[in-house]
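Okay, structure first, notes after.
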Amino acid sequence: MKGRFKTFAAALVATCAITAIPANADNHAGPSMADLMNDANSHGDVLTYGMGPWQQRYSALNKINTQTVKRLVPVYSASLGGEKQRGQESQPIVYDGTIYVTGSYSRLFAFDAKTGEKKWEYNARLPDGIMPCCDVVNRGAAIHGDKIIFSTLDAHLVALNRETGKVIWNKEIGDYKAGYSATAAPIIVKDMVVVGNSGGEFGVVGAVQARNVDTGELVWNRPVIEGHMGTLNGKDNGITGKTNATWEGDLWKTGGGATWLGGTYDPGTNLLYFGTGNPAPWNSHLRPGDNLYTSSTVAIDADTGKIKWHYQTTPHDGWDFDGVNEFIPFDATMNGKKMQLGAKADRNGYFYVLDRTDGKFIGAHKFVMQTTWADGIGKDGRPNFTKDGRPGAPNGAEKGKVVFSSPSFLGGKNWMPMAYSRDTELFYIPSNDWGMDIWNEPIAYKKGAAYLGAGFTIKPIADDHIGALRAMDPKTGKIVWEYKNPAPLWGGVLTTGGNLVFTGTPEGYLKAFDAKTGQEVWKFQTGSGVVGSPVTWEDGGEQYVAVMSGWGGAVPLWGGEVAKTFKDISQGGSLWVFKLYNE
């Protein structure tokens, strides 16, 4: 294990040397590119979304472990205040004695890390016409030098001075009047801020943008629907794919594929991995073909913005199986061969392992109770579609044949990020077991209007649970253990060198599990549903854990019959920080 750790650290150091970016010697200058690339191995701060460019959400810290976790107590709770509650999906950033969190309605807060005292607050001035499809959430910020940067619901990127909260630059990344919005945490790569867009339900075109972190000016733009032109330094940089190869007529012009969850970065290959959303409209009978590059993972050259490889998990998607789920790099030995791999737990219910250097399919395994749309993934990596699993085509003005589909469109796994432990070599997947009645309807594109052409009702499929945290072995596809939760799980996961796995529940608990066995070893009631992503760091010889509490997200909006499992949950908006009580 120690050898792998050294290999990972060496790869990051080598990358930083190649880019000739020196580490900052003092905290006043702020974290440098080298600091960000080393975030997975530095334990005194949390500088990046996912705790490192690979976003494994693993920390080697072990003072809080299966033996000591019973002494874990809150240090403070800092309220976001006001009436703007709803879903709090943010991951905290921790640097130089300050915790930065984003809040619902495009807000950003700076709190004293030791006391929880608020240092400053920024509220984006949002227009009335914003169109977030799935709650007014935000998933976190990026830090670099003197800036803290986040995306907003009116499809802007905003860079603030991290010490004062004053605006340094503010750039539009999409037209909110056409349905574009933004909720992802940006990532910083080679002094560029890289971000995707939201809005797939409105017929937007998904894209990945890289901007100069100091000025916000566009460096490159890569649309992820074939037929659209990319740019590099203001000049054309090649069409994505081949126009009309997998889309008929002009449907590619409003093809969806929103990249709304952001991406990961592998310094070794210099590739950015972004998931792409569902094709538009949902009614698949209107758009024959695979509809590249929707419901896929695309690997993009960080320097040029060109797609190096792609892998489509749900060709010709007809169930809203967004492929945006994070692709997490990891190294492993399989069949005696050391491999550079990546894994993704897809909304369609299958866990995929690919060669991250070229996108070659290695394997796929079901991680949910039931998949009705496909009965497996073939050796070629394409799904074995089931007969009658696809909702029918509309007949004139009448809706098409209703089918029951599992998972539901909210997915076997949705936005909530999984974690990978370098100790257990397991992935910990926050998932949900549920299905839906789904049907297609006639639809025509209208700028800024919902572009679905489908209807649905979500239903439970199990008597004893909906949510399930599952530990999966990526080498075998075996589910090693699972924890079942009555209400849907919607929060991120953290795993540590203390043999622990942390995640939250809608019922308001932050919970810790034994990483090897799945035994629940600790829980704390935060007063509202936990849908944020926990983090950990060390300061003054003590290990801290922080998480956001505040129930919301897409589930309360679209829950259907499963809503009765969370009907009594109160909303909220608080940052909770914990450490061990010294006996």
For this session: Measure across Gly550 and Ser528 and return the closest heavy-atom pair with its distance rounded to 0.1 Å.
Result: CA-OG, 3.5 Å

Exercise. Any side-chain heavy atom of Ile461 within less than 4.5 Å of one from Phe404?
Worked result: yes

Exercise. Does any pair with a residue in residues 279-294 pass side-chain hydrogen bond (donor to acceptor under 3.5 Å, both in side chains), and if so which ones, sequence neighbours excluded?
Worked result: Glu201-Trp282, Ser284-Arg390, Arg287-Asn291, Asp290-Arg382

Exercise. Thr259: what forms a side-chain hydrogen bond (donor to acceptor under 3.5 Å, both in side chains) with it, not counting sequence neighbours?
Worked result: none

Exercise. Hey, would you say the Phe456 and Trp439 ring centroids sit under 6.0 Å apart?
Worked result: no

Seminar exercise, completed: Taken in chain and number order and not counting sequence neighbours, the residues that satisfy side chain to side chain contact (heavy atoms under 4.5 Å, CB included) with His365 are Met472

Problem set entry | Tyr483 ring center near Phe513 ring center (under 6.0 Å) | yes

Exercise. Tell me, do Trp558 and Ser408 make a side-chain contact under 4.5 Å, heavy atoms counted?
Worked result: no

Exercise. Just checking, any donor-acceptor pair under 3.5 angstrom between side chains of Asn348 and Thr314?
Worked result: yes

For this session: Inspect the contact between Lys177 and Asp154 and indicate whether a charged nitrogen and a carboxylate oxygen are less than 4.0 angstrom apart.
Result: no

Problem set entry | Residues that Trp220 engages under ring-ring contact (aromatic ring centres under 6.0 Å, His included), provided they are two or more places apart | none

Exercise. Between Lys484 and Asp433, is there a salt bridge with N-O shorter than 4.0 Å?
Worked result: no

Exercise. Got a salt bridge between Asp266 and Arg356, using NZ or NE/NH1/NH2 to carboxylate O under 4.0 Å?
Worked result: yes

Under 3.5 Å donor-acceptor pairs involving side-chain atoms of residues 130-140, not counting sequence neighbours:
from, atom 1, to, atom 2, distance (Å)
Asp135, OD1, Arg86, NE, 3.2
Asp135, OD1, Arg86, NH2, 3.0
Asp135, OD2, Gly87, N, 3.1
Asp135, OD2, Gly553, N, 2.7
Asn138, OD1, Thr102, OG1, 2.9
Asn138, OD1, Gly140, N, 3.0
Asn138, ND2, Ser151, O, 2.7
Arg139, NE, Glu89, OE1, 2.9
Arg139, NH1, Thr183, OG1, 2.7
Arg139, NH2, Glu89, OE1, 3.1

For this session: Could you tell me whether Lys344 sits above the aromatic face of Tyr352, with NZ or CZ closer than 6.0 angstrom to the six-membered ring centre and within 45 degrees of the axis?
Result: no

For this session: Kindly assign one of parallel, tilted or perpendicular to the pair Trp373 and Trp319, based on the angle between their ring planes and the thresholds 30° and 60°.
Result: tilted

For this session: Side-chain contact test, heavy atoms from C-beta onward, threshold under 4.5 Å: evaluate it for Ser549 versus Gln88 and give yes or no.
Result: no

For this session: Go through the side-chain N and O atoms of Thr246 and Glu226 and say whether any donor and acceptor fall under 3.5 Å apart.
Result: yes

Exercise. Is there a donor-acceptor pair under 3.5 Å between the side chain of Asn432 and the backbone N or O of Trp434?
Worked result: no

Seminar exercise, completed: Applying ring-ring contact (aromatic ring centres under 6.0 Å, His included) to Phe330 and not counting sequence neighbours gives Tyr420, Phe427

Exercise. Between Asp473 and Lys478, is the closest basic N to carboxylate O distance under 4.0 Å?
Worked result: no

For this session: Look at Glu326 together with Lys413 and state whether they make a salt bridge at an N to O cut-off of under 4.0 Å.
Result: yes

